[in-house]
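To start, the structure itself, in structure tokens.
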Amino acid sequence: MAGELELRLRDRLAKLRGLHLPGSSVSDEVRRIEQQIEVMETGDERSEDEIWNSVELARHPERPYTLDYIERLISDWFELHGDRARMDDPAIVSGLGSFAGRTVAVIGHQKGRGDAVKRVKRNFGMANPEGYRKAMRVMAIADRHGFPVITLVDTPGAYPGVAAEQHGQGGALAASQATMARLLVPTVACVIGEGGSGGAVAFALADRVLMQQHAIYSVISPEGCATILWRDAGQARKAAAAFKPDAAHCLELGVIDGIIPEPEGGAHTDFDAAAIMLGQSVRSALEELGQVDAGELRRRRRARFRSIGVVSS
Amino acid sequence: MAGELELRLRDRLAKLRGLHLPGSSVSDEVRRIEQQIEVMETGDERSEDEIWNSVELARHPERPYTLDYIERLISDWFELHGDRARMDDPAIVSGLGSFAGRTVAVIGHQKGRGDAVKRVKRNFGMANPEGYRKAMRVMAIADRHGFPVITLVDTPGAYPGVAAEQHGQGGALAASQATMARLLVPTVACVIGEGGSGGAVAFALADRVLMQQHAIYSVISPEGCATILWRDAGQARKAAAAFKPDAAHCLELGVIDGIIPEPEGGAHTDFDAAAIMLGQSVRSALEELGQVDAGELRRRRRARFRSIGVVSS
Amino acid sequence: MASRIDVSIEHKHAPPDPSGSKKHPNTCPKCSSHYREDELISNLRVCAQCGYHFPVGALERIQQLLDSDSFIEEAKELRSADPLSFFDLRSYKERIAEAELKTGLGDALLMGQAKIEDQDCQLTVMDFSFMGGSMGSVVGEKFARACERAIERNVPLVSVNASGGARMQEGIFSLMQVPKTVCAVENMHDARVPFINVLTHPTTAGLLASFATLGDVTIAEPGTLMCFTGPRVVQQTVREDLPDDFGRAEANYRFGHLDAIVQRQELRAVLGKLLRLFNHGR
Amino acid sequence: MASRIDVSIEHKHAPPDPSGSKKHPNTCPKCSSHYREDELISNLRVCAQCGYHFPVGALERIQQLLDSDSFIEEAKELRSADPLSFFDLRSYKERIAEAELKTGLGDALLMGQAKIEDQDCQLTVMDFSFMGGSMGSVVGEKFARACERAIERNVPLVSVNASGGARMQEGIFSLMQVPKTVCAVENMHDARVPFINVLTHPTTAGLLASFATLGDVTIAEPGTLMCFTGPRVVQQTVREDLPDDFGRAEANYRFGHLDAIVQRQELRAVLGKLLRLFNHGR
Ligand SMILES: [Zn+2]
Ligand SMILES: [Zn+2]
């Protein structure tokens, strides 16, 4: 697979290097492509076992969740609640806090850990439209006051409920992305567990999209895919191997900008170490982004997503 | 009553005339104050009967409503529905249409006429928060595309229901005003019937606020006032005389910018004539406002409301 | 001239009393514990027994929240001008004078410079005992000036609210304070000046429809009634029993209208934290 | 290499059939009236008996809506590149070729310059019969280019949608078309270029979560299924019967997600009116 894509990327790289545009927007792009090619050259194909290992770790019931990272990385945390219209969706956590010496907004999906009651309370991290509307409200506050936005993506997907549909799930997911596309503050998205389809991408239209080493990011869950392909959710492992939702694959395809390492054995083995690694990646991304003028930041953010996809003619 | 206020106004007028600020924003204000003083000098005090006549005409079941004016004044009308979250509130009508040769957005409270079913369908013109959210959505479209916004105010007040409170009635009324305060397009508000309290003011934060001759505009309904003052809604007539919600009084106090004449006997006697008079007033207001730069328009709009109120020290 | 109206309108502004009966102000309406005045003050007027939050006047609130001696009052001289020469049982002027005497305040809102946990801010505090915290021209004007001062000083505005709504004695002028304060807030938003709203019992009607819902952050004390229309009127309209906590902070939190319900004992610390966060972002 | 997957994924894209049974395509699934092809075409593929709206292909849609000979197709040459070398029952490349043969289209979205009632616009039209109108890189790229062309030409964009969602054969790239098209729309919004969305049966999943809900005006044909998650999956989740019109245009209109439901016979006139309105404002 890498063959054709690598040629394509090398071609694009040559073209970009030939351009002499003002500003450094091209050099960002160049670096991203170089990184992709590097991954292709050094990365061995990951086996079905390895990919499935990541799927299992990404959904490990003891994996650290959004609030675990907030607790370890953010001081003066103040959670903001409610969509100002209907409810406060507990599947999404949002708020302000201090990170690396400055105020940031953090928004993330939140799964419940432990018994069924706790997991149900957080609706397994599957948000309703009201949750995305709460997030947009917090993004607007961050934008007004110049706070960078950090999103932590960890959801099987947007909640497939009756009320969710009636209250405009699709529109809310689109509006959340549109809001992120309009922000004039630096934005970093980290997929920290399951990056499930529209529910994930609603928080991932960011200047930098990072994935933890064992996180997954895909258009459909392995089970959903298997159900469609074989009408058998049990074939999820095979489906995952086909769709490869793992971080290495996403980086190879240029969909994400970097991989955040996890402690040996996965993030759940050492919350503190995982948080430190996550914090370092986010911090250096924010430092880079802090150099860029707000309007240019937004222009590049949109251009980045505009460029993803492979077509021929 | 006019005595003290008139002195105050003359004082302010003298001060304003002494200022030589760039632009014509002062001259607007001067004209407004001159108009107020003129009303005070020529206008006899209106009697309790006259005021109650306006209250009755403002709530006359055959009075023309928002859609009656739209039908007569707006061509290529296209109604926009829904708040994109929960419902389409039939107590508020909003849409785009062509007025005096250009596209405008029209937003108004809508009462039902005729049998109980029709009146209930429109909830007697008492909107839920969702109705105000629909209106804000339409304002945003108008703002994006440079369409002037015309609001038609005709409500006993925001709906005092359980769900209305649960879904944030107060916040929606405030947000609607905040949205109007942010618009960069010309805005004209016309009170065409009942201008009831917060529900009315939500659509009345405009560059020009006009009232039809027999419309009323007040902080509380005559019945509500009477209930509070005498615990007897039957004393509404007396309450109206005390609070004077009539147009002449509002103009005298500088709360509105002008009075739109009605056909002899009230707007309900001749819908077409009433619509022509309304249309002329709105058209000339829009023509005036069209001369002003967008940022300056917004600055003046806020300054206008900032200046209302009487304090001593 | 406004007609002379000979019935009091004060009952509109009576603070809702959970028990419905008339008790000594230092008796907890929830659990009937009785406190000496100094006990109540030292416990921030929170019932030590059941946690009920008694009303707090503006001056005492300033004592509770602010760094000592940090408050510099502004626009203190503003007084109502009685534009309608309003008269019900007594004249509006007489009522104002009485309220001034009773509370020691010039109107229902105090405004000035302040520090909380060493963070500079502009502060407005309302006092429900001044004519039910109703918003007339003076409250509107002082609030608008607070926004302007916050912009000039480039410090956050903290607004501690308690109000039954519009001051009816000022008629349409009282309604106009609603869009007036909204405009003041929007100027503040444009200037990227932080705005923190604290809702205390009760914050209703005109206040909810204006600045009290337009903050960057909105928090409330437990039990705060915060509704646009009061429970009695809603009940008359829908003719059915209302939920127990209808319109209260607890219900509003569930329905997504509040960022947090904050116990009075934690209020100063929470405001200090929020001010730090907003100041460090800038 | 992607594993070879040997089962068809086509049934995901089967258009929901109200009756559930397999009938002749020209037989009305609602009232069983049968029509000759020329009858159906001349009636805009609407059942003369019961008003049921049959699916319309992209080319026929262009015939129905546009001023004659006004369509100038753009980006016609774009084709899928099969980045994952995907293979289920057959290869993705084979499926594409088959769909091309069947529909005469290069992918599920046609794009170009158009006139409706003499008003200039940029147009995108989707075709459900091309792999269920699924959005892969080509659909995303063409839609993004349509936004850019609308900006360049300073004319409104009219988007006629029909899609089952993401094109799974392109994996994560198909998901990425969602933010990609959102960015394209936001550029258009910044340029104040009008955007009118027409949803036709079905417009679901990835399309609803991207450009199909971001128009200035959103209208739908009667009966259009427009949900993020399909009824079958929702039913499996909630394990209860769904409302009859769950996810349909009629329900979405009630819940505030649509400006209007427009009969196909009126669609051209409504679009003409909207284009006049948006063009006269400018
Ligand atoms: Zn107690
Ligand atoms: Zn039929």
Side-chain angles (χ1 to χ4, degrees), chain B residues 1 4-5 8 45 48 157-162 164-175 177-178 180-182 197-198 200-202 204-205 217-220 224-225 228-231 238-239 241-245 249-250 253 255 301-313, chain C residues 1-3 5 7 9 11-12 77-81 83-86 88 136-138 140-141 144 166 168 170-180 182-187 204-214 226-229 233-234 237-238 242-243 246-247 251 255-257:
Chain B
M1 179 187 96
E4 195 191 346
L5 188 65
R8 216 177 272 285
E45 277 290 303
E48 190 174 310
Y159 184 60
V162 175
E165 286 296 329
Q166 291 174 337
H167 298 163
Q169 187 69 280
L173 298 175
Q177 293 168 73
M180 289 194 81
R182 301 199 73 76
S197 190
V201 97
L205 206 162
Y217 193 14
S218 68
V219 68
I220 189 167
C225 176
I228 288 172
L229 294 178
W230 300 280
R231 295 184 187 253
K238 201 167 147 192
F243 276 87
K244 291 193 234 165
H249 186 236
C250 287
L253 296 180
V255 166
R301 187 188 310 137
R302 294 185 190 173
R304 177 197 184 284
F305 283 92
R306 175 68 185 82
S307 75
I308 301 179
V310 181
V311 301
S312 68
S313 58
Chain C
M1 288 298 306
S3 305
I5 294 162
V7 175
I9 66 172
H11 74 276
K12 166 155 204 249
E77 69 288 358
L78 296 189
R79 293 292 182 283
S80 167
L84 306 190
S85 306
F86 198 88
D88 50 283
S137 297
V138 172
E141 179 67 24
M168 308 230 289
E170 295 191 21
I172 189 79
F173 280 128
S174 70
L175 181 61
M176 288 300 113
Q177 304 313 303
V178 169
K180 172 175 168 171
V182 169
C183 287
V185 170
E186 288 311 308
N187 282 337
T204 61
L207 240 73
L208 270 202
S210 62
F211 60 85
T213 47
L214 294 177
M226 42 178 290
C227 49
F228 178 67
T229 308
V233 174
V234 172
T237 307
V238 301
L242 302 184
F246 178 80
F255 284 105
H257 304 300

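Letters go in sequence order (proteins before strands), and every chain restarts at 1.
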> Which one of C:T204, C:V238, C:L242, C:N187 has the most heavy-atom pairs closer than 4.5 Å to chain B?
Replying inline: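 Max contact count across the listed options: C:N187.
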
> Hey, which of C:G256, C:G206, C:C183 has the most heavy atom pairs under 4.5 Å with chain B?
Replying inline: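 Heavy-atom pair counts peak at C:C183.
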
> Which one of B:H167, B:Q169, B:Q166, B:M180 has the most heavy-atom pairs closer than 4.5 Å to chain C?
Replying inline: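 The option with the most such pairs is B:Q166.
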
Side chain from CB out, backbone as N, CA, C, O: work out which of these in [X] comes under 4.5 Å of a heavy atom of chain B, or both, or neither.
X	answer
C:V234	both
C:V138	both
C:L78	both

> What do the steps show when you test B:Y217 against C:M176 for side chain to side chain contact (heavy atoms under 4.5 Å, CB included), and what is the final call?
Replying inline: CA-CA 11 Å; B:Y217 193 14; C:M176 288 300 113; 3.2 Å; yes

> Name the one of C:T213, C:L207, C:L208 that satisfies side chain to side chain contact (heavy atoms under 4.5 Å, CB included) with C:F211?
Replying inline: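 It is C:L207; the other options fail the test.
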
> Mind checking what makes side chain to side chain donor-acceptor pair (under 3.5 Å) contact with C:E186, not counting sequence neighbours?
Replying inline: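 Side chain to side chain donor-acceptor pair (under 3.5 Å) check on C:E186 returns B:R182, C:H189.
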
>> For the OG atom of B:S312 and the CD atom of C:E77, what is their distance to the nearest 0.5 Å?
In response: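 Answer rounded to 0.5 Å: 10.0 Å.
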
>> If you apply the rule salt bridge (Lys or Arg N to Asp or Glu O under 4.0 Å), what do you find for C:E141 with C:R79, and how did you get there?
In response: CA-CA 10 Å; C:E141 179 67 24; C:R79 293 292 182 283; over 6 Å; no

> Is it the backbone or the side chain of B:V201 that comes under 4.5 Å from a heavy atom of chain C, or both, or neither?
Replying inline: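 It is the side chain, since no backbone atom gets that close.
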
>> Just to verify, what does C:F228 make a ring-ring contact (aromatic ring centres under 6.0 Å, His included) with, not counting sequence neighbours?
In response: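 Result, ring-ring contact (aromatic ring centres under 6.0 Å, His included) vs C:F228: none returned.
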
